[in-house]
Amino acid sequence: MPKLRLSISDPDVRVVERPDAVWILSGFGESDVLRIQRSNQTANGLESELAVRVGDASIVKIHLQSGRATLAQVWKPAISYREVFYCWTAGGDLLISDHFRTLLSQLPPAERTVAPESIVDFFLFNTVPGPRSMCSAIQRMGRGDVLTIDMPSRQIRSSLFDRIESHERPGSEADYVERLDAVLSEIIEPLKNERDIANLFSGGVDSVLVHTYLGKSVPAVFLDFESLKIDSPYETRYAHRAAELLGLPLQTCPIREADYLPQLESAIDALGRPALFPTMIYYDQAFRQKYHRYLNGEGAGALFGEGTRLARAASFFASPLGIAFLRLVGGLLPTDARPGYSTLLPNAIALMEDPRSPLGYGGQSATDLDPAVLGRMFGAEIVEQRLKARLEYLLPLLVTAAPTCGRFFQHIEIAEWVAHLSSGHTTFWRQMAQAHAKSLTTPYTSAKLASAVLEIPVRDRYVKGLQGKYLLK
């Protein structure tokens, strides 16, 4: 029978051992561990219940018989950013890890191949959506899936156990803010009593809001390139101004321009994947600091409507007459005025499509590079296929609001969840932290916060006039 080899890099992982099974719990607290220890439940209902309640978590359960692994099961909730990867070795053994580089290092170079569609995915989304990875030989858990691997037969089964569903509870704007405040306070405030904890502070609304719950005792860490050629100076001004308003001493960690390329190489090595810069270097440098646990604001943007201002502006032209007007006026504009104006046309065209279509606003949004440019590089057909594949993977996870919210908000709801669920950033930064034996906590990916957001009607959730993320602000 094949052997199972398990490697977990999460420094906060919790392990429950019994003669018949072992549980590896990532993202869970002590009370969850006690529930599993005390449970006589043999079915998988408890694992599913715990995973859905915590949200940003994963569970690996190894069934044992006479000390040997006979069955492996993995749960990953729909909103989880805690990865689980697996692959089979040439010798027939099963490898499971929460870190991509760990499995990559166990494969011979000849097996570290990248599929053509994964290359397009990387340029489109900076990650590979769905239960795949950058390496063809390595699979990863899909969102909302429970995976069962029978060791003797090597048979793998996967099924969906978790979805994202709106359960709207209308109220006033003040009521929504009060609800969100209560949830964020519950999530973040207990962390301020931990030792060796710091907040990665950019000066933007997401990280500043996190720090208002932490108080002055938790360090605010700002990573700054010494060369303005790499980064914009406004972020430095924002960070210092926000720290001043909160009465915080800002701990600035400069990154010398001379260290840029060596640190980029180090960051790529830590993740075992292509570069995502300059942010990749920020986090590699951050996790070299003295702290054990870090917080950041990843996940807030799409949850609360980042980028919706442009969509709202484009919606005014989402008609045949509006499209004709944009095409006419766009051709008359001077060249230097076209870049910002030109985003209106593709967005307006997308807003005229079916919201669940790959050609709709949700299907075309949340891309790292312009699909039209990538179409000229790789061919329009494969780019369209990858956009369609991403949407077809994510839509079954979503029970969207009723069509009564209006066509524009149907587009926005799908687009924001596509951005939230297909972003690889939280995953990458957590894996970067683990490569340094550090821990990353992301309050905006909590199931409690997602549940509070899903109670806010879609019409009130994302945009107010032309202002996105207005509830956080």
Worksheet item: Between the side chain of Arg140 and the main-chain N/O of Gly130, is any donor-acceptor distance below 3.5 Å?
Response: yes
Worksheet item: Considering all heavy atoms of both residues, which atom of Ile96 and which atom of Ala72 are nearest to each other, and what is their separation?
Response: CD1-CB, 4.2 Å
Worksheet item: Got a salt bridge between Glu173 and Lys464, using NZ or NE/NH1/NH2 to carboxylate O under 4.0 Å?
Response: yes
Worksheet item: Could you state the interatomic distance from OG1 (Thr445) to CG (Asp56), rounded to the nearest 0.5 Å?
Response: 3.5 Å
Item to complete: Kindly check if the number of other-residue, nucleotide or ligand heavy atoms within 6.0 Å of CZ (Arg14) is above 12?
Response: yes
Fill in: Residue pair Gln73 / Leu147, side-chain heavy-atom distance below 4.5 Å
no
Worksheet item: Within the side chain of His292, is there an N or O that forms a donor-acceptor pair under 3.5 Å with the backbone of Lys438?
Response: no
Discussion item. Rounded at 0.5 Å granularity, tell me how far CZ in Phe122 sits from CE in Met134.
Written reply: 6.0 Å
Fill in: Lys76 vs Val84 side-chain heavy atoms within contact, under 4.5 Å
no
Worksheet item: More than 12 non-hydrogen atoms from neighbouring residues, nucleotides or ligands closer than 6.0 Å to CD on Glu178, yes or no?
Response: no
Discussion item. Any salt bridge linking Glu298 with Arg430? Criterion: basic side-chain nitrogen under 4.0 Å from a carboxylate oxygen.
Written reply: no
Practice prompt. Mark yes or no for whether Thr212, through its side chain, and Leu209, through its backbone, hold a donor-acceptor pair below 3.5 Å.
Written response: yes
Worksheet item: Taking atom types as modelled and ignoring hydrogens, do the side chains of Tyr444 and Asp206 form a donor-acceptor contact shorter than 3.5 angstrom?
Response: no
Worksheet entry | Minimum side-chain heavy-atom gap Ile36-Leu25 below 4.5 Å | yes
Worksheet item: What heavy-atom pair brings Ala311 and Ile412 nearest, and what distance separates the two atoms?
Response: CB-CD1, 3.6 Å
Worksheet item: With distance as the sole criterion, is a donor-acceptor pair present between the side chains of Ser185 and Glu189 under 3.5 Å?
Response: yes
Fill in: Heavy-atom check, side chain of Met432 versus side chain of Leu271, under 4.5 Å
yes
Worksheet item: With no hydrogens and no angle check, is any side-chain donor or acceptor of Ser80 less than 3.5 Å from a backbone partner on Ala57?
Response: yes
Item to complete: Provide the closest heavy-atom pair for Ile414 versus Pro355 in the form atom of the first, atom of the second, distance.
Response: CD1-O, 3.4 Å
Discussion item. Restricting to non-hydrogen atoms, name the atom on Pro358 and the atom on Gln364 that form the minimum distance, rounded to 0.1 Å.
Written reply: O-NE2, 2.8 Å
Discussion item. I'd like to know if the side chain of Ser26 reaches the main chain of Val13, judged simply by a donor and an acceptor atom lying under 3.5 Å from each other, with no hydrogens or angles considered.
Written reply: no
Worksheet entry | Spacing of Gln434 atom CD and Ile8 atom CD1 [to the nearest 0.5 Å] | 8.5 Å
Worksheet item: Where the side chain of His99 meets the backbone of Arg101, is there a donor-acceptor pair that is under 3.5 Å apart?
Response: yes
Fill in: Tyr213 side chain near Leu191 side chain, heavy-atom distance below 4.5 Å
no
Worksheet item: Taking 4.0 angstrom as the limit, do Asp12 and Arg293 come out as a salt bridge?
Response: yes
Discussion item. Can a donor-acceptor pair be found, under 3.5 Å and without considering hydrogens, that links the side chain of Arg163 to the backbone of Ala78?
Written reply: no
Worksheet item: Are Arg459 and Glu413 close enough for a salt bridge, meaning some N to O gap below 4.0 Å?
Response: no
Worksheet entry | Pairwise side-chain contact, Tyr176 with Asp460, heavy-atom cut-off 4.5 Å (strictly under) | yes
Discussion item. For Phe222 and Phe201, I'd like to know if the aromatic rings sit close, meaning centre-to-centre distance below 6.0 Å.
Written reply: no
Discussion item. Quick check against the 3.5 Å criterion: does Ser166 have a side-chain atom that pairs as donor or acceptor with the backbone of Glu168?
Written reply: no
Worksheet entry | Asp121/Arg132 ion pair, N-O < 4.0 Å | yes
Worksheet item: Hey, mind stepping through His425 and Asn126 against side-chain hydrogen bond (donor to acceptor under 3.5 Å, both in side chains) and telling me if it holds?
Response: CA-CA 9 Å; His425 292 184; Asn126 223 296; 5.7 Å; no
Worksheet item: Is the closest basic N to carboxylate O distance between Asp10 and Arg82 below 4.0 Å?
Response: yes
Worksheet item: How far apart are the C-alpha atoms of Glu83 and Gln431, what are their side-chain angles, what is the distance that settles it, and do they pass the side-chain hydrogen bond (donor to acceptor under 3.5 Å, both in side chains) test?
Response: CA-CA 9 Å; Glu83 298 284 25; Gln431 297 218 341; 5.8 Å; no
Worksheet item: Out of Leu95, Leu103, Thr102, which one pairs with Ser7 under the side-chain contact (heavy atoms from CB on, under 4.5 Å) rule?
Response: Thr102
Worksheet item: Does Val60 reach the side chain of Trp23, with side-chain heavy atoms less than 4.5 Å apart?
Response: no
Practice prompt. Taking all heavy atoms of Ser105 and all of Arg112, pick out the closest pair and write down the distance.
Written response: O-NH2, 3.8 Å
Item to complete: Using only heavy-atom distances, determine whether the side chains of Glu117 and Gln385 contain a donor-acceptor pair under 3.5 Å.
Response: no
Worksheet entry | Of all pairs that satisfy ring-ring contact (aromatic ring centres under 6.0 Å, His included), the ones with a partner from residues 368-389, not counting sequence neighbours | Phe123-Phe378
Worksheet item: Does Tyr294 have its ring centroid less than 6.0 Å away from the ring centroid of Phe287?
Response: yes
Worksheet item: Quick one: does Thr127's side chain have a donor or acceptor within less than 3.5 Å of a partner on Pro129's backbone?
Response: no
Worksheet entry | Donor + acceptor pair across side chains of Ser58, Trp75 (<3.5 Å) | no
Worksheet, complete the sentence: Taken to the nearest 0.5 Å, the spacing of Leu94 CG from Ile156 CD1 works out to 7.5 Å
Discussion item. Consider side-chain contact (heavy atoms from CB on, under 4.5 Å). Of Ile149, Ile62, Asp150, which one does Leu71 pass it with?
Written reply: Asp150
Fill in: Which atom of Pro274 lies closest to which atom of Met280, heavy atoms considered
O-CE, 3.6 Å
Fill in: Arg461 side chain vs Gly305 backbone, donor-acceptor pair below 3.5 Å
no
Discussion item. Are the side chains of Phe125 and Val418 in contact, using a 4.5 Å heavy-atom criterion?
Written reply: no
Worksheet item: Got more than 12 heavy atoms from elsewhere within 6.0 Å of CD, Glu381?
Response: no
Discussion item. Using side-chain hydrogen bond (donor to acceptor under 3.5 Å, both in side chains), reason through Thr426 and Thr442 one step at a time and then give a plain yes or no.
Written reply: CA-CA 8 Å; Thr426 303; Thr442 52; 5.3 Å; no
